[in-house]
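First the structure, in the form of structure tokens, and then the observations on it.
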Amino acid sequence: MADLPIRFGIIGCAEIARKVSRAIQLAPNATVSAVASRSIDKAANFAQANGFPPEAKIYGSYESLLDDPDVDAVYLPLPTSLHLKWAVLTARKKKHLLTEKPVALNVDEFDQILKACEENGVQIMDGTMWVHNPRTHKMKEFLNDKERFGQLKTVNSCFTFCADSDFLKNDIRVKPDLDALGALGDAGWYGIRSILWAADYELPKTVTAMRHPVLNEAGVLLECGASLLWDNGKVASFHCSFLSNLTMNLTAIGTLGTLHLTDFIIPYQEHEASYTASTKPNFNELVTGWAQLPSEHTVTVDLPQEACMVREFASLVKNIKKNGAQPDKKWPTISRKTQLVLDAVKASIEKGFQPVEIVS
């Protein structure tokens, strides 16, 4: 058992599945065992195009893959509206679940997924890749350093990209019956997660959506943002959009230091990632420049961040299969908190941009 990789089945041939299937094959403790689509030809073409092992099975239905005893875990990149049905079925078939984000349309749906996972002893993790990058661990060391960073006061996060006309007309992320959360679920998820990450996953007291969100004709969000407030005075904000230039900024400001990076979701380069940090900066005597510049730190990695994610997930699954361990609750807890804040943003918009209290 120690040397056997975790065997993944992929349900659905979404574009993101290309990236994750490569990650599964790069991870040292995982392999692609099967792929399923509602069209067996599409599944076969996907397997061939992405270099699946010749022994990987091809299925023309999702149910057939879930019935395969040689599949240990399932990667689920289906539209958000389908997560509840197929995540619950996956758990009931005793398959561990790596699911795309957002994890559900709302926290009530996600709680049903969690219940199925807990009842069947399966691990669940969402596909937020950047938190598994070694850079993220190094940045966290800086945020936790009371001498260099101090106490967290403010976080600002922004993820935008300028979608083309075809995306804005045809992509599942703008369809109310497929991904009704739109830019909030797709891009806003990252902003919310980055804020919670910086705050050690402490939930805010209130969330208030920013005014003037942009929606398409079907009522799906194309652009929005929100501010978050904690009891101890911490504040944060995020902005997400399908309508602005590609930007992935994250800034965390403490009483003594500042963390900043401009590629927090997808690093500029696959095998190294950088960030800047500053502690107690000041100006020169004439205030014509800075006396101390932020320091740049570069972290090299042995695997792309998505493969690090697969490696971590497969390690948890192997511990369950080999040692009889209980599923790790860290990742589903983080997913649920992210979904709670996302729900609150949506509720605030619907309530005329009033503050919405987070109730966990």
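Keep in mind it's a predicted model, so treat the numbers as computed, not measured.
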Rounded to the nearest 0.5 Å, what separates atom [atom1] in [X] from atom [atom2] in [Y]?
X      : Y      : atom1 : atom2 : value
Lys329 : Ile124 : NZ    : CD1   : 13.5 Å
Ile192 : Asp343 : CD1   : CG    : 9.0 Å
Leu78  : His83  : CG    : NE2   : 6.0 Å
Thr154 : Lys234 : OG1   : NZ    : 10.5 Å
Gln112 : Cys117 : CD    : SG    : 12.0 Å
Cys224 : Leu215 : SG    : CG    : 8.5 Å

CA sep, side-chain torsions, deciding dist, call: Thr128, Trp189, side chain to side chain donor-acceptor pair (under 3.5 Å) | CA-CA 9 Å; Thr128 308; Trp189 178 274; 2.9 Å; yes
Donor-acceptor pair, distance only, cut-off 3.5 Å: does the side chain of [X] make one with the backbone of [Y]?
X      : Y      : answer
Ser21  : Ala17  : yes
Lys351 : Lys346 : no
Thr279 : Arg148 : yes
Asp145 : Glu141 : no
Ser348 : Ala344 : no
Lys337 : Tyr201 : yes
Asp328 : Lys330 : yes
Lys101 : Asp186 : yes
Thr276 : His260 : yes
Ser37  : Gly60  : no

Under the side chain to side chain donor-acceptor pair (under 3.5 Å) rule, collect the residues that match up with [X], sequence neighbours excluded.
X      : value
Lys42  : none
Glu100 : Tyr75
Asn284 : Thr288

So, [X] and [Y], do they make that salt bridge, N to O below 4.0 Å?
X      : Y      : value
Asp179 : Arg173 : no
Arg92  : Glu119 : no
Asp111 : Arg336 : yes
Asp67  : Lys93  : yes

Side chain to side chain donor-acceptor pair (under 3.5 Å) evaluation trace for Thr262 with Asn249 | CA-CA 4 Å; Thr262 55; Asn249 289 353; 4.8 Å; no
By the side-chain hydrogen bond (donor to acceptor under 3.5 Å, both in side chains) test, which pairs, at least two apart or in different chains, include something from [range]?
range            : answer
residues 46-63   : Lys57-Asp68, Lys57-Asp70, Tyr59-Asp68, Ser61-Ser64
residues 216-230 : Glu223-Ser241
residues 157-167 : Ser157-Ser194, Asp166-Asn170

Determine whether [X] and [Y] make a side-chain contact, defined as any pair of heavy atoms from C-beta on separated by less than 4.5 Å.
X      : Y      : result
Val103 : Ile113 : no
Lys95  : Asp72  : no
Phe52  : Ile10  : yes
Cys13  : Val35  : yes
Lys205 : Ile358 : no
Asn133 : Cys308 : no
Arg193 : Asp126 : yes
Thr251 : Thr258 : yes

With Ile266, which residues qualify under side-chain contact (heavy atoms from CB on, under 4.5 Å), at least two apart?
-> Lys19, Met248
Which residues pass the salt bridge (Lys or Arg N to Asp or Glu O under 4.0 Å) test with Asp263, sequence neighbours left out?
-> Arg135
Lys138, NZ: over 12 other non-hydrogen atoms inside 6.0 angstrom | no
For atom CD of Glu202, decide whether the heavy atoms of other residues, nucleotides or ligands shown that lie under 6.0 angstrom number more than 12.
-> yes
Considering residues at least two apart in sequence or located in another chain, which fulfil the ring pair (Phe, Tyr, Trp, His ring centres under 6.0 Å) criterion with Trp197?
-> Trp130
Results of ring pair (Phe, Tyr, Trp, His ring centres under 6.0 Å) for Tyr275 - residues two or more places apart only | His297
Contact list for residues 337-360, test ring-ring contact (aromatic ring centres under 6.0 Å, His included), sequence neighbours left out | none
Ser39 vs Asp41, side chain to side chain donor-acceptor pair (under 3.5 Å): CA-CA, chis, key distance, verdict = CA-CA 5 Å; Ser39 161; Asp41 290 339; 5.0 Å; no
Indicate, with yes or no, if the rings of Phe238 and Phe159 have centres closer together than 6.0 Å.
-> no
Please list all pairs passing the salt bridge (Lys or Arg N to Asp or Glu O under 4.0 Å) test where one or both residues lie in residues 293-311, with sequence neighbours left out.
-> Arg22-Glu306, Asp302-Arg311
